[in-house]
Amino acid sequence: MQTAITLQQIPVVKTKKTAKTISSKQTKNSCQPGRIEKSFTWMLIKLRIFYFACIILKQPAKVWATFKTMVNLRNNVWGGDLKKMYKIDGKYYFNQYTPGWPSKAYDYLIKSELRRHASPLTVTEKLSFVFLAITRKCPMRCEHCFEWDNLNQKESFTKEDLFKVVDLYQKEGVLQFHFSGGEPMVRFKDLLPLIKYTSKKSECWVLTSGFNFTIENAKLLKEAGCKGVVVSIDHHIPELHNMFRGNTGSFDMAVNAIAAARQAGMVTSISVCATKQFIDGDHLMPYMHFAKRLGVQFVQVLEPRKVGHYEGKDVLLDERHITDLEYTFKRINHSPAYSNYPTMLYHGYHQRRVGCFSGSRSVYVDSAGDVHACPFCHTKSYNIIELVRSNEKKLPAKENKCPLFEKIA
Ligand code: SF4
């Protein structure tokens, strides 16, 4: 029998080394600025975008058309004019895939988006974001694992390779790195200097199951320059999460990791693979209540895809599941009743309306060094390890196109 968690229950945190409990103070999302600060911040950002548009595009008609295109795209991505934002360490965060503002990285992103939208056919595409799987090792056995065929074999990347990969992508203007695996915290000794190095030019995040994410390690990561963490939590019911992850201690580890990251002052997000069973069991809203109690800023809802451990399985969502996800996505992000809830990211919403950002803005480097459009689209176009070992100074002009959805200009 399942043990249902109630809203009043605070998830159990057992590990002594990590934060002991999620106190009621911690469960409130205290990073949301007040209404006046939010309105003022949005106004400043829009003015800044407009200012850059005037400088870069010069002609008033082009400035206005590009500005409108970008606003429309944003509304399509979020299902409306998203007002939620979070202030952490003096920076405002609107999305886990956008650098905090104010920062050079944010300004750089705006400028490159303006150029892209003003001349989508002629401008050279610039990557702004990379998922980099730094290890093949992982203590989990997840139902949906997209790295399944690479797991727990001999490492492909040496420490030197990883630094060279970062160099190569930074030369191409990459603004954000999300370090994943396997489980990146298994390779903590290499991860820490890697983040210290990378964060001089780009924003760094860690994608983890929660393994080895103690308060001590969270503080070290933060000191090294890590801005945020995405913890995979695939169910608000501990037993169901543990079953999904194939590890009986995984729920406690995940919840502890969020508590530790919050204590260290990092931006926090949880990620869930919304399976048919999860949606049919009406777990979506209870999961969002749980996320609010954890005090995270973002919740990323992923659709299952037939890759890795899900290869050949009947996992794709039906129309009714997608309708449910879209309804919750709009409700959480725009209804005043949910203004204190974390921002919900659901890529399927914009993918079905305006296309996918993967490939043109971001790539996924798997733990064998193969470069794909994203973790769920295994469309290998080149191997980054071969490139860095041959001292290549430029990325190949190869397209990493999403095979499922149109590419967003
Ligand atoms: S999905 Fe991530 S945490 Fe799960 S087994 Fe695969 S690499 Fe490990």
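Scope of the values below: all heavy atoms of this structure, side chains included, with no hydrogens, waters or symmetry mates. We number each residue from 1, following the sequence as shown. All ligand and atom numbering here is 1-based and tracks the order in the structure. For clarity, every value in this text was computed on a predicted model and none was experimentally measured.
Inspection of the Tyr92 and Glu37 side chains reveals an N or O donor paired with an N or O acceptor under 3.5 Å.
Of all atoms in ligand 1, numbered sequentially from 1 with element shown, those under 4.0 Å from a heavy atom of Cys145 are 1 (S), 5 (S), 6 (Fe), 7 (S). Using a 4.0 Å cut-off to heavy atoms of Arg245, the atoms of ligand 1 that qualify are 3 (S), 4 (Fe). Within ligand 1, the atoms closer than 4.0 Å to a non-hydrogen atom of Gly182 are 7 (S), numbered from 1 in the order shown.
For the pair Lys313 and Glu143, the salt-bridge criterion is not met [side-chain N within less than 4.0 Å of a carboxylate O]. A salt bridge does not link Asp314 to Lys306: none of the charged side-chain nitrogens sits closer than 4.0 Å to a carboxylate oxygen.
Glu183 places a side-chain N or O within donor-acceptor distance of the main-chain N or O of Ser209, the cut-off being under 3.5 Å.
When each of Phe298, Tyr93, Tyr341 is checked for a ring-ring contact (aromatic ring centres under 6.0 Å, His included) with Tyr86, only Phe298 meets the rule.
Backbone or side-chain N, O or S atoms of Cys138 do not reach atom 6 (Fe) of ligand 1 at under 2.8 Å.
Looking from atom 4 (Fe) of ligand 1 to the surrounding protein, the closest heavy atom is Cys142 SG, 2.3 Å.
Taking 4.0 Å as the cut-off, Leu207 does not count as a neighbour of ligand 1 on heavy-atom distance.
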